[in-house]
Structure formats: C-alpha cells, structure tokens
Amino acid sequence: MKPYVSVLKLRLLNGMQYRSAALAGVATQFFWGFMYIMIFEAFYSQTVQNQPLSLKEIITYLWLQQSFLAFIMLWFRDNELFDLITTGNIAYELCRPCEIYGFWYSKLLAQRLSSAILRCFPILLVAFLLPQPYKMTLPPSVLTFVLFLFALIFGLLLLVSISMFIYISVFVTMSPIGSLLLFGVIGEFFSGLTIPIPLMPAWLQTFAYFLPFRWTADFPFRVYSGNIPQNEALIGIVVQIVWLCLLVWLGRIAFNKALRRVVVQGG
C-alpha cells in the first residue's frame, strides 16, 4: 500500500503546479455552464408537463458538473500511459516492484484530484454568488451534504476503475483514440453529462440504471440537491461500493491477461 500512497502524493503535488491551465479550464467551464443553463431555462419555459427535476435542481446539477468535471469525464486521459503501451516502453513498468494496476490507478486518481482541487473552488464560489436564476443552492441539510461527499468520493473511485478499462483495451486495439471515443461517448451519455437521466425517456432510463456510469455523476449530484432522498442515497452508496469492488476485480483480471499477451520490441 505504501508505494501506491507515495505515487498518489507525488502525482498530486505535480498536478497542483499547473495553475495557469486550471484558470483557463475554469473560464471554459463557466462558458459551458452558462450555455447549458440557458438551454435548460428555455426548455423549462416552454414545457407543459411537470419535470422530475426542477429548474433550480438542474442549475445546481450543472454547476456541480462543471466544478467536478475532472471527477466525472471519461475522456480525461494520461497520454504517458498510452505511450507506454503503444511504444513498448511498458517493459519499464514491468520492472517495478509493485503491481502495475494499483500503480496506474493511483496515478490516474491523483491526476483527477489535482485538477478538480484547482478548479472546483473558484467555480463553486462564483456559482453561489450569482443572481437568480443562475445561482447555485445549498443542500437541504448537513446530512444530505455528508451523503453527497461520500457519493462523490466513491463515484470518483468508480470512474477511475472504469477508465482503467480504456487503458487495458489499448493493449488489444493499439488505438487510444478509438478506446476514448467508445468509452467516452457511451459512458458520459449514460452518466447524465449530456442529459440528466431523469429527463431521458423511460426505456432509456432503465438501460442507464443497469450500467455503472450513472453512479459516477448523476447519483451524487442528485443526492446534493435532495432529489434523491437520504434513505435511497444510503442504498445507492452501497451499490457504488459493490460496483467498485466488481470493476476493480474484473480490471485486475483483464489487466493481468493483457500483460501476458504483451510483446515488447519484437520478443
């Protein structure tokens, strides 16, 4: 465990150095946040039916989405790992005195943490100070906020375990772009980043609830706004843990099988 914690700390400190890139990202995310809010504001002004999410909940959902984008986007990648696989330099990783799956998992986790820490606080601060209807609201209670934090943390761990399958697939396809497109488009749609899952058609919601992606974004954000009650939130956190254990177990199996098939420098 100690090597993985050391890697996590070092990569976290290294990622915290890119403050200029983080500020540029903050500006970009404000642009997308306002754009999405105006789209949904227009939708709610014309709808004649009661929606499962109120406009206030949608706005909070969107600001959380932009604040913690590094926690929930599957196309957030580490090109260094892709290069190790495609160039054959994976041989250096095989020489490490620790398990590569855990080593890479720690690196990816630190990368997302450092990016989110630099970006989330400015976005949240401004979002709480904005005038209506763009203002982000506080959670209904302290317990709801605590449940949101747990859901967000487990959602992050779950997303990293899902993203590990992107790197594992490159051992077979040797195409990072294809793997990112496949996992990114499908995963982010069914996690609620394009359309919040409650606003999807009923048949599509059933399909989304069957997949693990919604537990990374849709679930924690709806817990924050109180759209998901506290008792359901507790059950959902248990489901997150089950998915996390299952995907890490399957990921280790798939990763070890991929390593046994690796050919480095022709032999």
Side-chain angles (χ1 to χ4, degrees), residues 32-69 71-75 133-134 136-137 139-141 143-145 147-159 161-163 165-166 180-247 250:
W32 284 101
F34 280 115
M35 186 185 71
Y36 278 124
I37 288 173
M38 287 186 284
I39 290 172
F40 280 103
E41 188 180 10
F43 167 74
Y44 273 79
S45 67
Q46 299 299 319
T47 184
V48 294
Q49 297 178 339
N50 291 329
Q51 300 299 326
L53 288 173
S54 67
L55 180 60
K56 183 174 70 172
E57 290 173 335
I58 283 285
I59 291 172
T60 297
Y61 186 106
L62 293 172
W63 282 129
L64 288 171
Q65 186 182 103
Q66 296 303 316
S67 301
F68 297 103
L69 194 63
F71 280 14
I72 58 178
M73 58 181 180
L74 275 169
W75 51 265
Y134 305 105
M136 180 176 172
T137 57
S141 66
L143 179 57
T144 298
F145 180 70
L147 290 172
F148 160 72
L149 289 180
F150 277 103
L152 186 68
I153 292 169
F154 284 118
L156 170 62
L157 297 175
L158 182 57
L159 187 78
S161 68
I162 294 172
S163 68
F165 284 96
I166 298 176
L180 280 169
L181 285 174
L182 178 63
F183 281 88
V185 173
I186 295 175
E188 292 186 3
F189 179 80
F190 285 109
S191 63
L193 299 191
T194 306
I195 304 172
I197 290 177
L199 300 184
M200 293 180 180
W203 66 270
L204 200 55
Q205 288 186 43
T206 303
F207 194 60
Y209 289 146
F210 180 74
L211 299 172
F213 303 111
R214 70 169 291 260
W215 301 103
T216 65
D218 177 78
F219 172 70
F221 297 162
R222 288 168 59 200
V223 168
Y224 178 96
S225 65
N227 183 261
I228 294 179
Q230 293 175 359
N231 57 335
E232 293 183 20
L234 286 169
I235 296 172
I237 290 172
V238 174
V239 175
Q240 282 182 306
I241 295 172
V242 172
W243 268 114
L244 176 62
C245 295
L246 177 63
L247 290 177
L250 291 175

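Residue indices begin at 1 and follow the sequence shown. Model, not experiment: these values are computed from the prediction.
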Within this structure, what is the [atom1]-[atom2] distance for the pair [X] and [Y], rounded to the nearest 0.5 Å?
| X | Y | atom1 | atom2 | answer |
| --- | --- | --- | --- | --- |
| Trp32 | Gln65 | CH2 | CD | 11.0 Å |
| Leu159 | Leu247 | CG | CG | 10.5 Å |
| Thr216 | Glu188 | OG1 | CD | 9.0 Å |
| Leu193 | Gln66 | CG | CD | 9.0 Å |
| Phe71 | Leu157 | CZ | CG | 9.5 Å |
| Arg222 | Leu64 | CZ | CG | 13.0 Å |

Closest heavy-atom pair and its distance - [X], [Y]:
| X | Y | value |
| --- | --- | --- |
| Glu57 | Pro52 | OE1-O, 4.2 Å |
| Ala151 | Gln240 | O-NE2, 3.0 Å |
| Pro140 | Gly226 | CG-CA, 3.9 Å |
| Val223 | Ala233 | CG2-CB, 3.9 Å |

Are Phe219 and Val239 close enough, and set up right, to give a side-chain contact (heavy atoms from CB on, under 4.5 Å), and what steps lead you there?
CA-CA 11 Å; Phe219 172 70; Val239 175; over 6 Å; no
Hey, mind stepping through Thr60 and Thr137 against side-chain hydrogen bond (donor to acceptor under 3.5 Å, both in side chains) and telling me if it holds?
CA-CA 6 Å; Thr60 297; Thr137 57; 3.0 Å; yes
Stepwise side-chain contact (heavy atoms from CB on, under 4.5 Å) test for Leu199 and Ile58
CA-CA 10 Å; Leu199 300 184; Ile58 283 285; 4.0 Å; yes
Decide yes or no for [X] and [Y]: does some side-chain heavy atom of the first lie under 4.5 Å from some side-chain heavy atom of the second?
| X | Y | answer |
| --- | --- | --- |
| Phe150 | Ile241 | no |
| Pro201 | Leu204 | yes |
| Phe189 | Ile197 | no |
| Phe40 | Pro196 | yes |

Check the orientation of Phe221 and Phe148. Use parallel for under 30°, tilted for 30 to 60°, and perpendicular for over 60°.
tilted
Expected output: side-chain [X] to main-chain [Y] donor-acceptor under 3.5 Å:
| X | Y | answer |
| --- | --- | --- |
| Gln205 | Pro198 | yes |
| Gln46 | Phe43 | no |
| Gln230 | Leu143 | no |

Could you work out, with side-chain hydrogen bond (donor to acceptor under 3.5 Å, both in side chains) as the rule, every residue matching Ser161, not counting sequence neighbours?
none
Have a look at Phe190 and tell me which of Trp215, Phe207, Phe213 forms a ring pair (Phe, Tyr, Trp, His ring centres under 6.0 Å) with it.
Phe207
Under the criterion side-chain contact (heavy atoms from CB on, under 4.5 Å), I'd like the reasoning laid out for Leu55 against Ile59: C-alpha separation, chi angles, the key distance, then a yes or no.
CA-CA 6 Å; Leu55 180 60; Ile59 291 172; 4.0 Å; yes
For Tyr224 and Thr144: C-alpha separation, side-chain torsions, deciding distance, then whether side-chain contact (heavy atoms from CB on, under 4.5 Å) applies.
CA-CA 6 Å; Tyr224 178 96; Thr144 298; 5.7 Å; no
Starting from the C-alpha separation in whole Å, work towards a yes-or-no answer on side-chain hydrogen bond (donor to acceptor under 3.5 Å, both in side chains) for Tyr61 and Asn227.
CA-CA 10 Å; Tyr61 186 106; Asn227 183 261; over 6 Å; no
When the aromatic ring centroids of Phe68 and Trp63 are compared, is their separation below 6.0 Å?
no
